[in-house]
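For reference, the structure is listed below as structure tokens.
For clarity, every value in this text was computed on a predicted model and none was experimentally measured. Chain A is the first sequence line, chain B the second, and so forth, proteins listed ahead of strands; every chain is numbered from 1.
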Amino acid sequence: MALYEIHTHAELRRYKTHVCSKATLIQIFCLLLTIIPPFFVAYRSEGFYKKIEFYQEQPVIHFKHQVIIFIQLKNDYVTWSTLKNFNQLHMGHVRLPVVKSREEDMNRDGILDHLKFQLDMPMADSEEVLGVTLILIFDYKLRKFVSLDMDCMAYVQHSTIIPGAALQFVGDLKFHQSEPLIHKGADRRFKEEIISSSSVHASDFDLHDIFEKYSRRNMSTSLAQTYTTWITGRGAKKPFTIKATINYPQETLLYAPGFWQVIKFAWIQYFSVLAVFMYLVGKMRTFIFQNQLVTTIVQRPWTKIP
Amino acid sequence: MGVNGLVPARFLTLVSHLIITIVIFMNLDENVTACLPLDHTSADYDFNTNLLMVGLILTLVFLGIEFVCFLSGISMFMPIQCLISTFAHAGASIALSYFIVDVWKCYNYYYVFAICSAFPVFTELVVVVGAMVFRV
């Protein structure tokens, strides 16, 4: 009659000892050897816990209908803005243009996709336009992780030696961040006005100071991917036209992940190294106790010692 | 005790610690230069050289004591001393490999020395005194 192995199961050999014994010291040492080195291995090999992550979102941008325009002529300049105090400061050079703007949502997802802006500045025939500075102010919102609400600016400057009839440009309103976004909560740090609408001091309307303050922000926007066209040959009695299309693109943003996201990834890294150490130290402990390198009470499965 | 491989393990870890100590000792200049910043003074260099050299020589002396006690058989068949010695010298070999490759500062050598050279020699001497004085 042939025999074959039908079933197996492990029997346990138990090692028992008092609390104060060499065996306990060995046990404590092995425990520390299992728990602590995986931390070192996981941390020193980089990427243990995520400090920065990225995601994609299309921000909700609205044009605030605040404009500053400087047009540089040969020996003079012409300016206009939607801020009363600014116009008063430049009294004598202010001229009223015709401004048209509309924002469109091309893919009907409820988020505006671009701004079409046109400004016609009336000009005398003898005036030659040599340079344009244009500032537009927008309202910028993010909603997916952080509730960011801020004012932002698009700045265009073009100057040339050839007198022009029109300036046309297309650009993207790109987001700049010098620190990662928070992962939840509201961020209204930059909801302040970029150009003060109520100040009466001339220094508050100095463009360089405004730009310096703006560039020091941790989060701002600028016009990128700009394609500019300068059209020459202005006809008689025609205004100087600025035509702009400013796209509101989808952004890839960096944020600092929250506690549970960090723990979720850190835990698996620790555990994967811990498994190796547990196996090796387990083998070591079996060797030590099986060969009774430290004396313990050995309870074999067929004897019962309480 | 029986045949269980503990004695060869102790011997091998002792030898590996000895080898790595000798390696550091033979390239003492380069190790000291590596652990100092680029703009170090020669006083810094001398101080660190002395620091490391004293540590290394003490380690070699202690390893010598342990070899003598081990190979003469006094503590060869004492399992607890074999375990302590094996763990300590294995730890020392790993730590000193990191010392060389990761370019640790010279004073960190003394942490390795205290745990992995001084401690087993201390327990060894306790064992030897116990064997000679109390059981002879």
Side-chain angles (χ1 to χ4, degrees), chain A residues 12-48 269-270 272-301 303, chain B residues 1-14 16-17 70 73-105 108 111-112 114-120 122-127 130-131 134-135:
Chain A
L12 286 178
R13 189 183 300 181
R14 296 172 199 277
Y15 299 96
K16 297 190 178 180
T17 177
H18 304 287
V19 175
C20 316
S21 67
K22 282 187 288 199
T24 314
L25 288 172
I26 294 282
Q27 179 79 333
I28 293 172
F29 175 73
C30 287
L31 209 67
L32 292 173
L33 191 64
T34 320
I35 296 178
I36 296 177
F39 271 121
F40 283 108
V41 173
Y43 184 73
R44 292 287 300 257
S45 51
E46 300 301 325
F48 184 38
Q269 292 186 61
Y270 174 74
S272 59
V273 184
L274 181 74
V276 174
F277 273 87
M278 272 173 75
Y279 176 76
L280 292 172
V281 176
K283 284 275 178 232
M284 208 161 72
R285 279 163 62 191
T286 306
F287 177 80
I288 292 174
F289 291 123
Q290 193 167 30
N291 293 302
Q292 287 290 288
L293 297 179
V294 285
T295 18
T296 61
I297 301 170
V298 183
Q299 185 184 321
R300 301 245 153 64
T303 58
Chain B
M1 269 18 56
V3 176
N4 54 23
L6 188 58
V7 168
R10 182 178 176 188
F11 180 72
L12 285 172
T13 52
L14 266 172
S16 87
H17 189 187
F70 172 57
I74 304 173
S75 64
M76 195 189 279
F77 297 106
M78 283 196 184
I80 189 70
Q81 177 56 27
C82 281
L83 272 179
I84 291 174
S85 183
T86 311
F87 282 139
H89 293 292
S93 306
I94 295 172
L96 290 179
S97 309
Y98 271 113
F99 179 84
I100 298 177
V101 171
D102 270 0
V103 193
W104 288 359
K105 295 283 176 232
N108 284 326
Y111 289 106
V112 178
I115 301 171
C116 303
S117 285
F119 177 65
F122 172 71
T123 53
E124 183 83 42
L125 289 175
V126 164
V127 159
F134 294 113
R135 281 169 228 168

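Within a 6.0 Å radius of CZ in F122(B), no more than 12 heavy atoms belonging to other residues, nucleotides or ligands are found. At most 12 heavy atoms of other shown residues, nucleotides or ligands fall within 6.0 angstrom of atom CZ in F119(B).
Heavy atoms closer than 4.5 Å to chain B are found nowhere in L25(A), neither backbone nor side chain.
Two residues are said to be in side-chain contact when any heavy atoms from C-beta on lie closer than 4.5 Å; I288(A) and L83(B) meet this criterion. Two residues are said to be in side-chain contact when any heavy atoms from C-beta on lie closer than 4.5 Å; M284(A) and T86(B) fail this criterion.
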